[in-house]
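Order of the sequence lines sets the chain letters (A, B, ...), proteins ahead of strands, with each chain counted from 1.
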Amino acid sequence: MVVFILRRLGFMVLTMVVVSLLLFLLLEISPGNVATKVLGPYSSEEQRTLWLAAHGYFEPLHVRYFSWLGNFATGDFGESIRFKVPVSEVLWPRLANTAILGLATFAIMIPLSLVLGILAGMREGSKLDRAISVTSIATTSVPEFASAVFLSAIFVFWLKLLPGTSGMTEGFSIKQLILPVMVLVLYDFGYVARMTRASMAEVMTTAYIRTAVLKGLPYKQVILKHALRNALITPFTVIMLQINWLLSGVIVVEFFFAYKGFGALLLEASLNQDIFLIEACAMVAVFVAVATQAIADIGYTYLNPRIRFA
Amino acid sequence: MPLLEIRDLCISYYTRAGEIPAVVDFSLVLKAGESVGLVGESGCGKSTVAMGIMQYLGNNGGIVSGSIKFKGRELTTLGGEELRRLRGSEIAMVYQEPMAALNPSLTIASQLMEVPMVHERVTQSEARERALKLLADVHLPDPERIMAAYPHQLSGGQQQRVVIAMALLSNPSLLLLDEPTTALDVTVEAGIVELIAELSRKFGTALLYISHNLSLMLETCDRVCVMYSGEVIEEGAVDSIFTWPKHPYTHGLFSCIPLPDADKNTRPLVPIRGQLPLPHERPPGCNFGPRCDFFKQGLCDAQDIAIEPVTVGKDADHCVRCIRWNDIDPSDAITVGPSKQAVAVGDIVLEVKGMQKYYEVDDRSIRALISGGGKRYVKANEALDFSARRGETVAIVGESGCGKSTFAKVLMGLETATGGEIRLDGINIGEMPVRERSAKQLASLQMVFQNPNDTLNPSHTIGSQISRVIRKFGVESDRAKVAERMLRLLDLVKLPRDFAFRRPRQLSSGQKQRVGIARAFAGNPSMVIADEPVSALDVSVAAAVTELLMDIQREHKTTLLFISHDLSVVRYLADRIVVMYLGRIMERGTTAEVFNPPYHPYTEALLSAVPIADPKIEKRHIVLEGAPPSALDPPKGCPFHTRCPRKVGAICEQERPPERAAGEGHVIACHIPLEELRGVEPVIRTAC
């Protein structure tokens with residue numbers, strides 16, 4: 001098991017190194033471009049050369065890569081062109097904001113979708129199953145920008161219950177968090193619920209569930225003790241992938257509600273060609289992707305003893 | 001009052017095609033402590049009866065009429081909660097696939113302990129104690145270790161013992177066994193059968209034993225019900241039915257089983273013609289009518305036929321559902337087919353010399369990483385030596401994990417040998433993977449697979465699948481000639497020519513296996529490997545497919561390498577036999593030599609484990625202890641010493657047994673001197 005975790009972590013580091021190399025080659029291979037982006041299109045040739053020399057851009061490529069990598073590893077991402085402050089000063093608070101949004105979304109979405117999925121899958125083809133399935137397909141097929149408009153129309157303009165923007169200019173406010181979370185949950189819960197339902201329905205047809213029923217166990221115990229754990233293996237992996245999705249999936253929602261999160265930052269960085277910020281955001285996204293996969297794999301072996309001991 | 005009384009039970013499944021009656025007018029009386037067998041081929045409704053008793057028929061099944069009384073209580077009208085209290089405590093069940101029946105993500109302990117905790121509200125510690133005691137009762141070594149294990153960490157035999165223990169935990173008065181040994185090896189099966197008999201005596205449990213295997217009934221049951229197409233067609237005391245089978249179907253079944261006196265040349269099997277009618281296409285009157293040699297129009301198909309007691313025969317104690325039972329004597333029917341010409345044996349086609357196949361396994365534990373010993377080997381085949389001649393049938397016999405399928409893979413080129421050589425028509429093919437073989441070599445060595453349902457591509461027609469092989473092997477390339485050859489192949493396997501346009505799902509398993517045989521013979525092979533070709537088929541279908549294979553072999557003078565665990569089929573059709581255990585040959589010789597003393601002790605145990613459907617035959621009981629050891633860590637010395645009932649002493653654990661020649665071509669690898677092995681009593685004997 002320890003070997004397995006170590007291998008997984010090693011693989012994670014390797015992936016990140018490969019991605020960093022690609023990122024470096026893509027964005028920093030020609031120093032002239034970097035200087036133009038940093039100093040702007042109207043800078044003179046002389047200014048650019050000076051800037052490049054000052055920042056070590058005339059060193060050989062591999063030296064540049066390793067010093068770049070070293071800076072990244074120590075959290076020094078360079079200076080943001082747009083915000084005129086070190087990248088880390090913008091990045092971390094924005095990431096924290098998105099984490100709050102994501103956590104709130106997951107705190108509602110996971111229990112909701114698992115419970116609905118299990119209820120639906122428990123008795124495949126029942127009325128409850130049909131109702132849940134139709135609802136989840138319907139909500140999942142409405143895009144976020146549409147549901148954002150729709151929900152704003154109801155809660156902001158008609159009922160006047162919630163604020164229409166979530167800028168949090170006067171400090172953190174739960175009220176401002178409600179609408180973005182609602183949109184994300186509405187969009188994502190159906191997908192996870194459908195996955196859970198399929199997994200649960202399959203488990204319910206297995207021979208060991210028949211064994212459990214014919215042992216005379218109460219129905220509740222059959223579900224909770226025998227079906228649940230086996231049925232959760234698939235949704236677990238799916239949920240882990242959702243974390244990854246959320247990181248970029250929030251762009252629309254954050255932009256719509258003017259929420260100052262990672263997605264909005266990514267959008268801003270791309271629009272302004274803020275090269276160091278883009279690099280930092282990309283590395284963060286890759287880290288999250290690789291880390292969630294590693295967690296998913298390790299957690300999977302705990303849910304499934306057949307893999308654990310193999 | 002009987003323990004279980006079923007009256008005129010009708011069970012139907014409701015599908016889009018309408019109502020499908022699975023069981024019709026089923027009646028059964030089971031007394032406390034008695035064991036009754038339900039036997040029949042797949043689709044006859046035997047498992048549906050068991051599920052009906054359990055009231056677990058799924059969403060689309062239901063009891064149409066009739067009553068099931070258990071200890072005087074009517075089960076068909078029982079409410080959910082009452083039913084739950086009955087299940088698992090009064091009536092328990094053992095299933096066909098023990099691996100699937102156990103929850104993969106819970107330990108054995110938690111799956112066992114919940115039974116008494118739910119039904120008798122005992123404390124956790126008491127439940128634990130009881131579970132441990134029952135695990136010891138089912139003869140599992142080291143119950144503490146088993147309790148902590150997950151199902152996949154146990155062998156198939158151990159899993160089935162756990163399932164039996166689970167069923168007996170609340171001391172039920174009725175135990176339903178649905179094909180409890182079908183998925184297990186013969187020696188393991190013998191152990192389970194003995195265990196079930198022992199436990200039912202010990203606990204006084206009544207048994208309803210469901211199986212497709214008639215032979216097993218003789219060893220396990222007091223009474224037996226033979227089912228055909230949803231009906232009981234013959235019912236009564238086991239000895240009575242086995243001695244005086246009155247229904248032509250029962251009789252037909254016996255003719256399909258290779259008994260020890262059957263022989264492929266002088267006494268061939270007689271398959272039942274035709275096939276089982278679909279449940280919604282049953283004929284009027286007797287369901288067996290269209291397949292029966294004694295069918296009389298206007299009588300057999302005129303009315304529903306009642307089940308009547310058999311009165312002739314001095315000790316006859318059974319009933320039969322045949323209107324003509326008094327007029328006919330089924331033993332008048334041909335029970336022995338016309339004798340056939342033996343195939344002349346020709347030159348050596350296949351020669352295997354010192355063949356080895358090792359698989360490398362990476363050990364990924366920390367200890368292995370530190371000590372650097374990360375590589376271990378699974379020795380699937382170790383020093384195999386034998387040969388096969390043209391027109392000969394050589395059988396490789398052994399239990400799962402003995403390396404017989406690995407050998408087939410190496411022969412086919414799906415794997416390459418680690419050492420030694422395999423010469424087919426003089427060319428060494430041991431290290432030639434399938435991609436490097438020429439079309440001619442591929443065509444000359446073909447295979448018939450075990451499960452016909454998985455080996456045909458569901459989206460192509462039968463004709464196109466066979467034609468493709470003909471073209472690939474370069475037999476014919478002209479369109480019309482390919483089609484002509486394909487049709488002739490269908491004739492060869494006795495399938496109607498219009499099957500060429502059908503897809504696999506429109507065929508029964510037996511028909512699919514015929515297509516598999518046609519495909520294998522498409523390129524005029526000099527040798528065909530048949531890997532358990534009939535073990536997935538029903539008795540009567542298996543007999544037909546076996547006969548077909550034999551006929552084609554006779555005609556084409558093909559060498560047949562028959563891989564099987566079923567000794568009764570092997571005795572019937574093989575000329576020579578190779579007995580394997582853990583990748584090594586234990587004994588080899590002609591069929592007569594292997595089936596008579598001197599035996600290798602393993603052969604002896606295998607012979608004893610095979611049930612025989614003939615009450616006149618007496619058999620010595622040898623039950624092997626434990627499971628075969630892992631091929632990753634095979635025992636030193638003789639690989640069989642850990643389970644051998646005739647172990648001599650330390651020499652068996654330390655030295656490889658010598659290969660002793662007991663006759664020309666008859667070799668036994670054992671430390672026991674041949675004289676002593678010659679003195680061993682035969683395992684089976686016909687009682688006078």
Looking at B:Y13, I want to see if its OH is surrounded by more than 12 non-hydrogen atoms of other residues, nucleotides or ligands under 6.0 Å. yes
Within 6.0 Å of CZ in A:F287, more than 12 heavy atoms from elsewhere: no
Considering residues, nucleotides and ligands other than A:E202, do more than 12 of their heavy atoms fall under 6.0 Å from its CD? no
Residue B:S110 versus chain A: region with a heavy atom under 4.5 Å: both
Pairwise distance CG(A:L214) to CG(B:L83) - rounded to 0.5 angstrom: 9.0 Å
Taking every heavy atom of B:V118 against every heavy atom of A:P218, the minimum-distance pair comes out as CG1-CD, 3.9 Å
For chain B, find which of A:K225, A:Q221, A:R123 contributes the most heavy-atom pairs closer than 4.5 angstrom. A:K225
Taking all atoms of both residues into account, what is the closest heavy-atom pair of B:A101 and A:T211, and its distance? O-OG1, 2.8 Å
Chain B heavy atoms under 4.5 Å from A:V203: which part of the residue, side chain, backbone, both or neither? neither
Between B:Q111 and chain A, with a heavy-atom cut-off of 4.5 Å, which part of the residue counts as in contact: side chain, backbone, both or neither? both
State, yes or no, whether a side-chain contact exists between B:N103 and A:R229 at a heavy-atom distance under 4.5 Å. no
Count the heavy atoms of every other residue, nucleotide or ligand shown that sit under 6.0 Å from OH of A:Y219, and state whether that count exceeds 12. yes
Would a distance-only check, ignoring hydrogens and angles, find a side-chain to backbone donor-acceptor pair under 3.5 Å from B:R84 to A:G216? yes
Considering only heavy atoms from C-beta outward, does the side chain of A:H226 approach that of B:E114 to under 4.5 Å? yes
For the candidates B:M166, B:E97, B:M93, which exhibits the highest count of non-hydrogen atom pairs separated by less than 4.5 Å from chain A? B:M166
What part of B:A100 lies closer than 4.5 angstrom to a heavy atom of chain A: side chain, backbone, both or neither? both
Any heavy-atom pair between the side chains of B:L106 and A:Y208 that's under 4.5 Å? no
Can you tell me if CD on B:Q124 sees more than 12 non-hydrogen neighbours from other groups inside 6.0 Å? no
Under 4.5 Å heavy-atom distance to chain A, tell me which part of B:M117 shows up: side chain, backbone, both or neither. neither
Quick check on the interface: out of B:P104, B:G88, B:S170, who has the most heavy-atom pairs with chain A under 4.5 Å? B:P104
